[in-house]
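Both backbone and side-chain heavy atoms feed into the values below; hydrogens, waters and symmetry mates do not. This is a predicted model, so every value here is computed, not measured.
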Protein chains: 4
Amino acid sequence: MSDTALFQINTGATEPIYRQLIEQARRLVAAGQLKAGQEIPSVRELSAALAVHPMTISKAYSQLEAEGLFERRRGLSMVVAAQHGQAQSPATRAELLRPTLARAAAEAHQLGLPPAQALALFEQILAESQP
Amino acid sequence: MSDTALFQINTGATEPIYRQLIEQARRLVAAGQLKAGQEIPSVRELSAALAVHPMTISKAYSQLEAEGLFERRRGLSMVVAAQHGQAQSPATRAELLRPTLARAAAEAHQLGLPPAQALALFEQILAESQP
Amino acid sequence: MSDTALFQINTGATEPIYRQLIEQARRLVAAGQLKAGQEIPSVRELSAALAVHPMTISKAYSQLEAEGLFERRRGLSMVVAAQHGQAQSPATRAELLRPTLARAAAEAHQLGLPPAQALALFEQILAESQP
Amino acid sequence: MSDTALFQINTGATEPIYRQLIEQARRLVAAGQLKAGQEIPSVRELSAALAVHPMTISKAYSQLEAEGLFERRRGLSMVVAAQHGQAQSPATRAELLRPTLARAAAEAHQLGLPPAQALALFEQILAESQP
DNA sequence: GTGGTCTAGACCACT
DNA sequence: GTGGTCTAGACCACC
């Protein structure tokens with residue numbers, strides 16, 4: 001059995017579930033929390049754990065397989081790929097964070113908030129969510 | 001003629017155009033860049049400026065009218081509502097930025113990035129987008 | 001000068017202003033409150049009294065003229081037509097009320113309200129609005 | 001398959017189709033004819049049954065979802081919401097009938113019809129439409 | 001199968 | 001000129 005707790009979804013969000021899963025998987029692999037060769041939860045397991053339709057899980061896994069992050073093994077559960085599934089350097093991981101922060105910066109600008117204030121708010125939120 | 005330049009859309013994004021417009025309008029009003037009583041660009045104007053179908057603009061405007069931010073005037077352009085269309089305090093505006101920053105914080109955590117590094121990246125992005 | 005107070009509009013309603021005016025005029029003539037040959041308020045007068053665009057008034061008057069209820073006199077204000085502008089019998093006037101009551105009956109049925117209750121509510125509303 | 005017969009539209013009326021559907025849905029839910037958790041006809045089903053464009057149906061459903069009466073389930077039919085979709089007491093349902101009756105009362109007054117006559121006409125119409 | 005989004009374009013209603 | 005409504009039809013996303 002694999003650790004289903006690594007994946008969490010928000011059914012209320014507008015973002016589709018399968019995409020939430022894909023992006024989470026990319027980050028977990030980049031951070032080294034999912035290591036090359038490691039088994040990932042089976043479609044059934046994760047489907048039960050998240051109360052999500054199996055086909056939704058399967059769609060996410062298929063796309064991750066297509067981009068080379070996961071590998072399918074006949075008759076066995078999928079594993080993190082050896083080639084593309086390597087933990088990345090901090091600098092590379094930071095790049096994965098850039099799009100969301102760029103969006104936040106654009107919103108701050110439209111809200112007329114000075115950069116210092118936006119930065120202070122981010123610091124506060126990071127501190128809150130840390131422990 | 002109203003200032004159509006206030007509104008910008010990203011056709012590549014997954015977020016629907018009409019929703020981009022809605023959220024931009026909320027921020028522009030909160031920041032006081034769209035003032036109570038001010039005329040907003042007509043559906044046809046904005047449609048032409050953004051190269052988007054008029055109905056897409058209309059859908060955004062209708063929803064903003066439903067939430068009380070815009071007011072319809074029969075046969076005339078819509079205006080920012082007097083009641084709900086007031087500029088907000090910096091603290092209130094900062095709250096509108098919170099959801100995106102909270103998402104960024106969650107992603108940073110999943111990427112295993114230390115808060116200091118996430119903060120530094122945000123500072124850099126804010127500086128880049130400023131001028 | 002004519003009696004502008006006979007006409008009242010509700011700008012908040014979804015029903016267009018010009019149609020509100022037309023239907024009010026029909027009822028006032030049918031009830032004999034506007035008599036054949038009587039002058040009606042000029043477009044300018046009524047426009048000022050109701051704070052409505054003159055063209056809106058004019059549109060209502062033109063349609064009433066087209067259906068023969070009003071007559072235009074060159075250079076003078078319009079008057080209630082001699083032919084079609086006659087007060088009607090109570091039975092005929094009641095017919096003008098039928099569409100709205102039929103709608104109310106349909107709504108009562110969809111709401112699952114027994115006829116007796118709908119009738120009692122109507123009686124109460126009539127009493128309230130009488131004085 | 002859901003019961004499309006609950007919804008009926010009048011294409012001749014000036015009231016837009018999507019609004020007719022919205023108001024019917026509110027009444028059906030208030031009357032308990034549409035119960036919390038119950039599936040409503042799919043957009044395509046109702047579109048075919050009423051010979052109306054799917055987008056018109058969709059517009060009504062979206063607005064009902066926005067006011068909390070319907071709930072969307074990703075990829076599945078919409079259902080009546082558990083919270084706001086409760087049947088209402090007769091007194092509350094009667095309140096939904098009040099606006100139309102108030103309009104009828106105002107028209108009766110303008111027609112110079114005595115309340116007793118208006119009431120008698122309503123009673124007759126209710127009896128006609130009952131069976 | 002479900003609903004969502006967008007386009008193209010017509011027609012109407014209002015001022 | 002303004003916005004509103006509807007149709008026809010395409011494509012997408014989700015389950």
note: B/Q20, atom CD; E/dG4, atom P; distance rounded to Å ~ 18 Å
What's the CE-C1' distance between D/M78 and E/dT2, to the nearest Å? 11 Å
Reckon B/R44 touches a base, only the sugar-phosphate, or nothing at all at heavy-atom distances under 4.0 Å? base
Is the shortest side-chain heavy-atom distance between B/K35 and B/Q86 below 4.5 Å? no
Under the side chain to side chain contact (heavy atoms under 4.5 Å, CB included) test, residues paired with B/P99 that sit two or more places apart: none
Please report, to 0.1 Å, the donor-acceptor pairs under 3.5 Å made by any side chain of residues 8-21 of chain B, with sequence neighbours excluded.
unit_1	atom_1	unit_2	atom_2	d
B/N10	OD1	B/G12	N	2.9
B/N10	OD1	B/A13	N	3.4
B/Q20	OE1	B/N10	N	2.8
B/Q20	NE2	B/N10	O	3.0
B/Q20	NE2	B/E15	O	2.9

For residues 53-67 of chain B, which residues have at least one heavy atom under 4.0 Å from DNA chain E? B/H53, B/T56, B/K59
Taking only residues two or more places apart in sequence, or in another chain, which ones meet D/R73 in a salt bridge (Lys or Arg N to Asp or Glu O under 4.0 Å)? D/E39
Separation of F/dC15 C1' from A/R19 CZ (nearest whole Å): 16 Å
Could you state the CZ-P distance from D/R74 to F/dC12, rounded to the nearest angstrom? 19 Å
Rounded to the nearest angstrom, tell me the gap between atom CD in B/E15 and atom P in E/dC6. 10 Å
Between P of F/dT5 and CG of D/N10, the distance in whole Å: 16 Å
Please list all pairs meeting ring pair (Phe, Tyr, Trp, His ring centres under 6.0 Å) that have one or both residues in residues 49-88 of chain B, counting only residues at least two apart or in different chains. B/Y61-B/F70
Residues forming a side chain to side chain contact (heavy atoms under 4.5 Å, CB included) with D/A31, sequence neighbours excluded: D/Q33, D/R93
Ranking E/dC6, E/dT2, F/dC6 by distance to the side chain of B/I17, first place goes to E/dC6
Heavy-atom nearest nucleotide on DNA chain F taken for D/P16 and for D/R73; more 5' hit belongs to D/P16
OP1 or OP2 of E/dC6 less than 4.0 angstrom from a side-chain nitrogen or oxygen of B/Y18, does that happen here? no
In whole angstroms, how far is the C1' atom of E/dT7 from the CD1 atom of B/I9? 13 Å
D/L46 atom CG is separated from F/dT7 atom P, nearest whole Å, by 12 Å
Do D/L50 and D/I57 come within less than 4.5 Å of each other through their side chains, counting heavy atoms only? yes
Given the rule that a pair is Watson-Crick or G-U wobble with both distances under 3.5 Å, how would you write DNA chain F in dot-bracket, using | for pairs to a different strand? ||||||||||||||.
Starting from the 5' end of DNA chain F, give me the residue, A/V52 or B/L76, whose nearest nucleotide shows up first. B/L76
Applying salt bridge (Lys or Arg N to Asp or Glu O under 4.0 Å), name anything that partners B/E107, two or more places apart in sequence or on another chain. A/R27, B/R103
Sequence neighbours excluded, which residues qualify as salt bridge (Lys or Arg N to Asp or Glu O under 4.0 Å) partners of B/R72? B/E65
